[in-house]
Undergrad: 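Starting off with a structure, shown below.
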Protein chains: 2
Amino acid sequence: MFPSRTVENYLKAILQAEIALPPEQLLPMGQLAAALGVAPGTATTMMKALAEAGLVRYEPYAGVRLTAPGEKLAALVLRRHRLIEQFLVQVMGMSWAEVHDEAEQLEHAVSERLIERIDDMLGRPQVDPHGDPIPGPEGMVAQREYANLLSCPLKTPVVVVRVTDQGPDFLRFIEDNELKPGRSIEVEHRDAAADAVIVRRDAHRVTIGMRAASKLLVEVV
Amino acid sequence: MFPSRTVENYLKAILQAEIALPPEQLLPMGQLAAALGVAPGTATTMMKALAEAGLVRYEPYAGVRLTAPGEKLAALVLRRHRLIEQFLVQVMGMSWAEVHDEAEQLEHAVSERLIERIDDMLGRPQVDPHGDPIPGPEGMVAQREYANLLSCPLKTPVVVVRVTDQGPDFLRFIEDNELKPGRSIEVEHRDAAADAVIVRRDAHRVTIGMRAASKLLVEVV
DNA sequence: TCATGAATTTTGATGATTCAAAATAAATGA
DNA sequence: TCATTTATTTTGAATCATCAAAATTCATGA
């Protein structure tokens, strides 16, 4: 009965927005509404309801923040989403570019029991196909901070660990250029004027825009 | 956008009820409402809407029947449900007693693409774990008629091919007594007064009630 | 054929989720 | 500070799926 699909989606959207926000800073309603594709007034109404239920702290005209119970629930939705993505790629052999939308639906339909079985079958993975960390059964885990292709050192071997964009087109681009998580690369040069980052992958050279470069998180090896 | 989850459930319920009905005979609203666990008036309202959409033929005070488009849609829901059940048992190693409820949720969440992949992976199975036939991608297939343990010949080897009850308790009973589809048995004796059917399985004897016996469909080998 | 009982439909209402547009509050720049 | 822009909240309304209870229709047996 409780968390309806709709509520689960609101909580998940808030959690994901909060991650990109400094601690304590409230998430404005406009951003939340945009993330969910609903009218601003709709988000306001829902926040009042969620605040009533103790899942968020809502300050009129300022924004929202998940409470501890709200965050736990949201993390469990995210856990289901990411385990399902990993499952669809590993077990069902689907392309990583197409699993996001599928998981978006399935995350609200799978039982606790099935999710645990999936987790087992995958050997309790820590990240999904995009490198996004998978929360444990108890909720969120601490996020490791990674550099991206704009902030990492030049001419130093790094490994792609995460791609922070779920868009199928972007993911296909990354795949076509063999820049998926796990791949070893080096940033050769950055050219702010040209809005370009030149990446070396073995003997090949790939040029990507700075906007795209910021979405590739890497770890210095 | 069309078939909402709710509509899919109505169509599926009608299809399953129609199967147990003589051709042309209308399904009364009371039965439909009971099958879905809704108030009779609710079913009436929904039938008017579905008739409007051309998915059912509705005759006030008489009942409903699926139209060709309605039947096709319903069959596709049933296809998803049964493929998912088979998948959960074969691939995920879940117990056949627990897959029904899971499939009830997932059938509304899986994409066409994922269902085709599941179908592939399973080798295009004809039946689900309960022996229920799986409709093809184009809709319903002709149903084979089977005898049940009340109508099959006595003292003749038969193979269980289908169990027409999804209740976990009943399924566990069937499993515990090793009477799952595929199993070879013989009806030794029927005792109407005792409401009992005595079944021989290899050297063992199992006694089951007539109500239960009617739910075990068999094929004479 | 007619009174009764059972099934079905109608009616009025509710809760969840949403929108568009009006009202209001907050932030901004001169 | 104050007028203006921008963001947020409020308001009024719509849709979907549902219910309980009243009204209606159908079928039955005397």
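Predicted model only: the values in this text are computed from it and were never measured. Here is the naming used below: chain letters follow the sequence lines, and residue numbers restart at 1 for every chain.
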Undergrad: By the 4.0 Å heavy-atom rule, please label B:T6 as base, sugar-phosphate, or nothing.
TA: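 Sugar-phosphate only.
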
Undergrad: Contacts to DNA chain C from residues 22-33 of chain A, heavy-atom cutoff under 4.0 Å, which residues?
TA: none

Undergrad: Tell me whether the count of non-hydrogen atoms from other residues, nucleotides or ligands lying under 6.0 Å of CD in B:Q126 goes above 12.
TA: no

Undergrad: Going by salt bridge (Lys or Arg N to Asp or Glu O under 4.0 Å), name the residues that satisfy it together with B:R124, two or more places apart in sequence or in a different chain.
TA: B:D119, B:D120

Undergrad: Hey, can you pull the residues of residues 44-56 of chain A with a non-hydrogen atom under 4.0 angstrom from DNA chain D?
TA: A:T44, A:K48

Undergrad: For residues 8-43 of chain A, which residue pairs qualify under ring pair (Phe, Tyr, Trp, His ring centres under 6.0 Å), counting only residues two or more places apart or in two chains?
TA: none

Undergrad: Above 12 or not: heavy atoms from other molecules or residues under 6.0 Å from CZ of B:R5?
TA: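 Result for CZ/B:R5: enclosed.
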
Undergrad: Scan residues 44-57 of chain B for pairs that pass side chain to side chain donor-acceptor pair (under 3.5 Å), counting only residues two or more places apart or in two chains.
TA: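 Matches after skipping sequence neighbours: B:R57-B:E59.
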
Undergrad: Between B:Y58 and C:dT8, is there a contact of a side-chain N or O with OP1 or OP2 at under 4.0 Å?
TA: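 For B:Y58, the contact criterion (side-chain N or O under 4.0 Å from OP1 or OP2 of C:dT8) is not met.
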
Undergrad: Taking side-chain contact (heavy atoms from CB on, under 4.5 Å) as the test, write out the residues that go with B:A49, two or more places apart.
TA: none

Undergrad: Please determine whether a side-chain nitrogen of the Lys or Arg among B:E116 and B:R79 lies less than 4.0 Å from a carboxylate oxygen of the Asp or Glu.
TA: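 Between B:R79 and B:E116 there is a salt bridge, with a charged N closer than 4.0 Å to a carboxylate O.
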
Undergrad: List the residues meeting side-chain contact (heavy atoms from CB on, under 4.5 Å) with B:D101, not counting sequence neighbours, and say none if there are none.
TA: none

Undergrad: Show which side-chain atoms of residues 68-75 of chain A pair as donor or acceptor with protein atoms under 3.5 Å away, not counting sequence neighbours.
TA:
none

Undergrad: Give me, pair by pair, the N or O atoms of the protein and of nucleotides 22-27 of chain C that are less than 3.5 Å apart, along with how far apart they are.
TA:
residue, atom, partner, partner atom, Å
C:dA25, O4', A:Y61, OH, 3.4

Undergrad: Could you tell me if B:H108 and B:N9 have a donor-acceptor pair between their side chains, going purely by distance under 3.5 Å?
TA: yes

Undergrad: By nearest heavy atom, map A:Y10 and B:T42 onto DNA chain C; which one lands nearer the 5' end?
TA: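 It is B:T42 whose nearest nucleotide is closer to the 5' end.
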
Undergrad: Give every residue pair that meets the ring pair (Phe, Tyr, Trp, His ring centres under 6.0 Å) criterion with at least one member in residues 14-44 of chain B, sequence neighbours excluded.
TA: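 Residue pairs passing ring pair (Phe, Tyr, Trp, His ring centres under 6.0 Å), neighbours aside: none found.
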
Undergrad: Extract, from 5' to 3' on DNA chain D, the first and final nucleotides lying under 4.0 angstrom from some heavy atom of chain B.
TA: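 Nucleotide range in contact with chain B: D:dA17 to D:dC26.
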
Undergrad: Show the atom names and distances, to 0.1 Å, of all donor-acceptor pairs under 3.5 Å that link a side chain in residues 164-171 of chain A to residues at least two apart or in another chain.
TA:
residue, atom, partner, partner atom, Å
A:T164, OG1, A:K215, O, 3.4
A:D165, OD1, A:G167, N, 2.6
A:D165, OD2, A:K215, NZ, 2.9
A:Q166, OE1, A:H100, ND1, 3.2
A:Q166, OE1, A:H130, ND1, 3.4
A:Q166, NE2, A:D132, OD2, 3.2

Undergrad: In Å, rounded to the nearest 0.5 Å, how long is the span from CE of A:M210 to CG of A:L149?
TA: 10.0 Å

